[in-house]
Amino acid sequence: MVAHDEVGIGDFVLLDEISLEKVVENLRVRFNGGKIYTYIGEVCVSINPYRSTSIYSPDYVDKYKDRELFENPPHIFAVADAVHKEMKQQGRDTCIVISGESGSGKTEASKIIMKYIAAVTNIDGQQEIERVKNILIQSNSILESFGNAKTNRNDNSSRFGKYMDINFDFKGDPVGGDVTNYLLEKSRVVYQQKGERNFHCFYQLIHGCSEADLKSMRLVRDPASYNYIKSGASNSQTSLNDKTDYKAVMNAMSTLGFKHTETQTIWNVIAGVMHLGNITFTLDEDTVSTSGDKALNDAAHLLSVSPTELNDALTQRIIAAGGEVMQKTHTLVEAEYGRDALAKAVYDKLFTWIVSRINGTINVSSPNSTYKRYRTLIGVLDIYGFEIFDSNSFEQFCINYCNEKLQQLFIELVLKQEQEEYKKEGIAWQNIEYFNNQIICDLVEQNHKGILSIMDEACLNVGKVTDEMLLEAMDKKLTAHKHYTSRQLKPTDKELEHKTQFRIKHYAGDVVYNINGFLDKNKDTLFQDFKRLLFKSKNPVISEMWPEGAQDITKTTKRPQTAGTLFKTSMIALIKNLTSKEPFYVRCIKPNEVKSPVVFDEERVEHQVRYLGLVENILVRRAGFAHRQRYDKFLKRYKMISQYTWPNFRGGSDKDGVKMMMDEKGFSNDVQYGHTKIFIRSPRTLFALEQARNDL
Ligand code: ATP
Ligand code: MG
């Protein structure tokens, strides 16, 4: 109910007319009036205010704690409270899926939710629970340091997907947790587009660490000195403060109980990656060699490996054929590819290690730990939103596929949820038609026929397969697909400028991808020599990150799964996991491209409203019943409007009371009576009820 909320309409379902224009209009009115949250039933639509607001203070926590959604103006706290209540009272696992494009406010929303849950739990003040809450919150700053970066869209863009389970005991207090990370955009380690930066941690380290640490890591405080971060170095006008953030990360690591050697190893690896990027190669009569010793020695030192062995691994590889072991020198291109692949892999391994280290800390089983007694959980998903860049590559392809899967889940679950509730309550219900994006998911993931399979086939091929050949293979298999086009299939297509481009018609819009680099990124080859080298690192923490390096050279290694297939497997597991829980949704919208608190870009917002399927969502919600409420609560709110129920109804059950009241007021045509709840079809009835209440 939205009676308290004067700016625009607090629940889209209550709009007089449902159309794209009206939805955008309502969002505009609310954004301009400083209202950033609007509901669609229980779905929370959030628009990024791009300014700090005072709506997350303890007063607000009190206002929303243990209240129903409709009792207060729309707020993400109300949703967090509903999720917590559902989990606590019904003993059900719940999850919150936060979606929206880059910069729309997903990560902020996930942190607000976590802070709310932390604020309303542990009234007994138990130490163990405080410890867990602290870790859950502090872990964000570590994950953001190593997994977020400044992009052209967002100064603090998450470049990995994050799913966090928070475990609760029987009293509803958090007692543990678990973070799962998805596909880190590791290509950023070696290359960033103009105006963007590498992951925050690189800049935090060189600006924030002590002189002594700087010296021991053989670094200078000048990002321009390092190839991997120099393009982002001139970018000083960001809202980030690397120096203070470094301190925050160090504090967080100490709160989480990272040992000194672990923290040191983490920063050594970061410094090692920077030095790796400064290694260059020269070609002398077909022999490739590293030029100069400094970068090589420094990198080897920080990764605790022998400089000679690092040099060997960078310039040649050992191959085993027919039981014989041979050396094959790299070409210049292979050497450079190998160096970058090494830097990316080292960083990726470090990131995964940090995540598992965080998990180990949250769930440490001390004798007093209540973790083992957890009963239910709340999952929070904050994953990269749909991306359309000027140039889109394999990473965008994966990210957009992920969003297709989530959109499908959204449509299905939101519908399923509605339909199940009607069934459960014994209400007659006709299925609603909706656009099923299964066809696009199939285009990507179907076995044998989908793009991922075609890509894997190309990678398996022993002969030299180029990206162009992959595109040809895709064209051949996908000619007839409605959502796929390439220049070769349609030479007249002006949107596709090059023969290397193909287009997918995603639910959220058309995206033109460039096939260049797809094969390499999918294969994700890292020469075995590097794995063995790092496994042999004298630093036990680094060695632990590389168990696969222990394998004997002559043993035929199983071909590792491709990056695409690994991603697909992780997506399928994620969807299965979310499906098993009671889902709640936060849909984030970005008001403009200029990070302004006052600009409302109609066109951009309209696009997002369209692809998030908000209008469909409202229609589904409305075609069913706009409002439903338990009889006792309903009676409590409206009993004053009827002579039969005021001050108390004594003629039977709450349901009987509600029926008498609705009959008397002439509302019965618009409602259906479920077993435990009343269902009201039209928002007008609700308005009228509110009106009657206000007129008294
Ligand atoms: P990405 O997909 O790139 O990770 P995102 O959706 O996670 O993007 P956020 O990082 O959460 O986006 O938000 C971007 C910026 O917008 C924040 O750094 C903050 O400045 C601002 N912002 C987002 N939500 C809020 C909010 N509720 N209140 C104030 N500022 C906000
Ligand atoms: Mg984010």
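Because the structure is predicted, anything quoted here is derived from the model rather than measured. For ligands, and for the atoms within them, numbers begin at 1 and follow the listed sequence.
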> Is the shortest side-chain N to carboxylate O distance from Asp340 to Lys186 below 4.0 Å?
Replying inline: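 Answer for the salt bridge query: no.
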
> Does the distance from a Lys or Arg side-chain N to an Asp or Glu carboxylate O, for Asp601 and Lys590, drop under 4.0 Å?
Replying inline: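 Result for this pair is no, no salt bridge flagged.
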
Which word best sums up how the rings of [X] and [Y] line up, parallel for under 30°, tilted for 30 to 60°, or perpendicular for over 60°?
X	Y	answer
Tyr64	His75	tilted
His506	Phe386	perpendicular
Phe77	Tyr56	perpendicular

> Does the ring centre of Trp353 sit less than 6.0 Å away from the ring centre of Tyr347?
Replying inline: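 Distance test on ring centres: not under 6.0 Å, no.
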
> Would you say the ring centroid of Phe518 lies under 6.0 angstrom from that of Phe502?
Replying inline: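 Yes.
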
> Listing residue and atom name, which protein N/O/S atoms are closer to the Mg ion (ligand 2) than 2.8 Å?
Replying inline: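 Listed by chain and number: Thr107 OG1, Ser158 OG.
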
Could you give the N/O to N/O pairs under 3.5 Å linking ligand 1 and the protein, each with its distance?
unit_1: ligand 1; atom_1: 2 (O); unit_2: Lys106; atom_2: NZ; d: 2.8
unit_1: ligand 1; atom_1: 3 (O); unit_2: Ser102; atom_2: OG; d: 2.6
unit_1: ligand 1; atom_1: 3 (O); unit_2: Asn154; atom_2: ND2; d: 3.1
unit_1: ligand 1; atom_1: 3 (O); unit_2: Ser157; atom_2: OG; d: 2.6
unit_1: ligand 1; atom_1: 4 (O); unit_2: Ser158; atom_2: N; d: 2.7
unit_1: ligand 1; atom_1: 4 (O); unit_2: Ser158; atom_2: OG; d: 2.9
unit_1: ligand 1; atom_1: 6 (O); unit_2: Ser104; atom_2: N; d: 3.3
unit_1: ligand 1; atom_1: 6 (O); unit_2: Gly105; atom_2: N; d: 3.0
unit_1: ligand 1; atom_1: 6 (O); unit_2: Lys106; atom_2: N; d: 2.8
unit_1: ligand 1; atom_1: 6 (O); unit_2: Lys106; atom_2: NZ; d: 2.9
unit_1: ligand 1; atom_1: 7 (O); unit_2: Thr107; atom_2: N; d: 3.0
unit_1: ligand 1; atom_1: 7 (O); unit_2: Thr107; atom_2: OG1; d: 2.8
unit_1: ligand 1; atom_1: 8 (O); unit_2: Gly103; atom_2: N; d: 2.8
unit_1: ligand 1; atom_1: 8 (O); unit_2: Asn154; atom_2: ND2; d: 3.0
unit_1: ligand 1; atom_1: 10 (O); unit_2: Asn154; atom_2: ND2; d: 3.1
unit_1: ligand 1; atom_1: 11 (O); unit_2: Lys106; atom_2: N; d: 3.4
unit_1: ligand 1; atom_1: 11 (O); unit_2: Thr107; atom_2: N; d: 3.1
unit_1: ligand 1; atom_1: 11 (O); unit_2: Glu108; atom_2: N; d: 2.9
unit_1: ligand 1; atom_1: 12 (O); unit_2: Gly105; atom_2: N; d: 3.2
unit_1: ligand 1; atom_1: 12 (O); unit_2: Asn154; atom_2: ND2; d: 3.3
unit_1: ligand 1; atom_1: 16 (O); unit_2: Asn48; atom_2: ND2; d: 2.8
unit_1: ligand 1; atom_1: 22 (N); unit_2: Asn48; atom_2: OD1; d: 3.1
unit_1: ligand 1; atom_1: 27 (N); unit_2: Tyr56; atom_2: OH; d: 3.0

>> Between Glu395 and Ser187, is the side-chain hydrogen bond (donor to acceptor under 3.5 Å, both in side chains) condition met? List the steps.
In response: CA-CA 9 Å; Glu395 289 85 355; Ser187 59; 2.9 Å; yes

>> Is the terminal nitrogen or CZ of Arg503 (NZ for Lys, CZ for Arg) located under 6.0 angstrom from the six-membered ring centre of Tyr513 and within 45° of that ring's axis?
In response: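 No.
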
